[in-house]
Amino acid sequence: MSQTPIKLIANNKKARHDYFIEDTFEAGVVLHGTEVKSLRMGKCSIKESFIRIEKGEVIIYGMHISPYEKGNIFNKDPMRPKKLMLHRHEINKIEGRIGEQGMTLVPLQVYFKGSLVKVEIGLAKGKKLYDKRADIAKKDQQREAAKDFKIRNLG
């Protein structure tokens, strides 16, 4: 069984730093012609974006897709809200979990799966400052251990 190739367009590293990701979902994005061409050139940012569920529809706000240079009048507003496509049971599950205290939806990455544009969204819980400090300390510790291991094996 061959897997469809995945080509990463945009990654949201800040989301994993600011939130505990408890569950992830893969959603399709409703796009217009020139937006796809712009995405193929890698012109996308999800750093400031967020996701809301309104009237049973999942919508991503603040996902910036730069206008396609050769697109002229067909270009859409780069910051327009874009609808995400999920199955009804997934939307219901997400809505139920968001009702819990402190849960939110964050975009984690945008990628091509075959010829389709997908967004990986995470059901997340916000981290406190001390959680972030603990993560940074753990990462530093792992880096130091890897460095020591490398020095021992070379010397």
Side-chain angles (χ1 to χ4, degrees), residues 1-100 102-128 131-132 134-143 146:
M1 233 164 68
S2 65
Q3 261 191 326
T4 47
I6 290 176
K7 181 185 170 230
L8 189 66
I9 303 168
N11 197 0
N12 190 355
K13 292 178 185 169
K14 195 173 179 228
R16 294 195 190 275
H17 182 262
D18 291 344
Y19 300 97
F20 291 113
I21 307 300
E22 298 195 0
D23 204 357
T24 59
F25 299 91
E26 182 179 73
V29 189
V30 177
L31 296 170
H32 294 283
T34 56
E35 290 177 321
V36 178
K37 290 180 179 184
S38 196
L39 285 172
R40 289 211 184 278
M41 294 167 71
K43 304 210 170 167
C44 177
S45 171
I46 55 171
K47 281 185 176 68
E48 301 297 320
S49 59
F50 60 95
I51 299 169
R52 284 202 181 131
I53 298 178
E54 297 170 356
K55 299 177 192 160
E57 292 185 343
V58 184
I59 300 171
I60 185 167
Y61 293 90
M63 178 177 166
H64 186 277
I65 299 176
S66 299
Y68 184 59
E69 289 105 39
K70 300 176 182 80
N72 59 45
I73 61 166
F74 300 109
N75 281 337
K76 297 286 182 189
D77 175 24
M79 295 295 286
R80 75 177 181 82
K82 294 153 192 72
K83 184 178 171 187
L84 299 181
M85 295 182 287
L86 286 161
H87 290 285
R88 173 60 46 206
H89 69 272
E90 290 176 316
I91 295 172
N92 292 342
K93 181 180 177 183
I94 292 169
E95 275 187 307
R97 296 283 303 276
I98 285 182
E100 295 174 23
M103 296 296 278
T104 187
L105 275 176
V106 290
L108 301 174
Q109 57 187 15
V110 180
Y111 54 90
F112 278 106
K113 189 173 185 182
S115 63
L116 303 173
V117 178
K118 300 285 186 178
V119 176
E120 183 182 25
I121 58 177
L123 198 57
K125 195 172 190 104
K127 284 185 181 177
K128 303 278 187 263
D131 291 327
K132 293 179 193 177
D135 277 0
I136 292 168
K138 192 167 94 177
K139 209 178 273 184
D140 287 346
Q141 206 172 24
Q142 286 174 339
R143 200 177 299 120

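In Y19, the OH atom is not crowded: 12 or fewer heavy atoms of neighbouring residues, nucleotides or ligands sit closer than 6.0 Å. When the shell of 6.0 Å around CD of E54 is examined, it contains more than 12 heavy atoms from other residues, nucleotides or ligands. Under a cut-off of 6.0 angstrom, the local environment of NZ in K7 is crowded, with over 12 non-hydrogen atoms contributed by other residues, nucleotides or ligands.
Using a 4.5 Å heavy-atom cutoff, the side chains of L84 and I59 are not in contact. Proximity of L86 to I121: side-chain heavy atoms (C-beta onward) are separated by under 4.5 Å at one or more points. For the pair L39/L31, a side-chain contact is recorded, criterion being any heavy-atom separation below 4.5 Å from C-beta on. Using a 4.5 Å heavy-atom cutoff, the side chains of I94 and D23 are not in contact. Proximity of E22 to K125: side-chain heavy atoms (C-beta onward) are separated by under 4.5 Å at one or more points. The closest side-chain heavy-atom distance from M63 to I46 is below 4.5 Å. Between K82 and V119, every side-chain heavy-atom pair lies at or beyond the 4.5 Å cut-off. In this structure the side chain of V117 reaches within 4.5 angstrom of the side chain of F112, judged on heavy atoms.
Rounding to the nearest 0.5 angstrom, the gap separating the CD atom in E95 from the CE atom in M103 is 14.0 Å. Between atom OG of residue S49 and atom CD1 of residue I60 there is a gap of 4.5 Å, rounded to the nearest 0.5 Å. T24 OG1 to L123 CG: the interatomic distance, rounded to the nearest 0.5 Å, is 9.5 Å.
Partner I91 forms a side chain to side chain contact (heavy atoms under 4.5 Å, CB included) with one of R88, H87, H89 and no other, that one being R88.
Heavy atoms only, all atoms of each residue included: L108 and N11 are closest at O-OD1, 3.2 Å.
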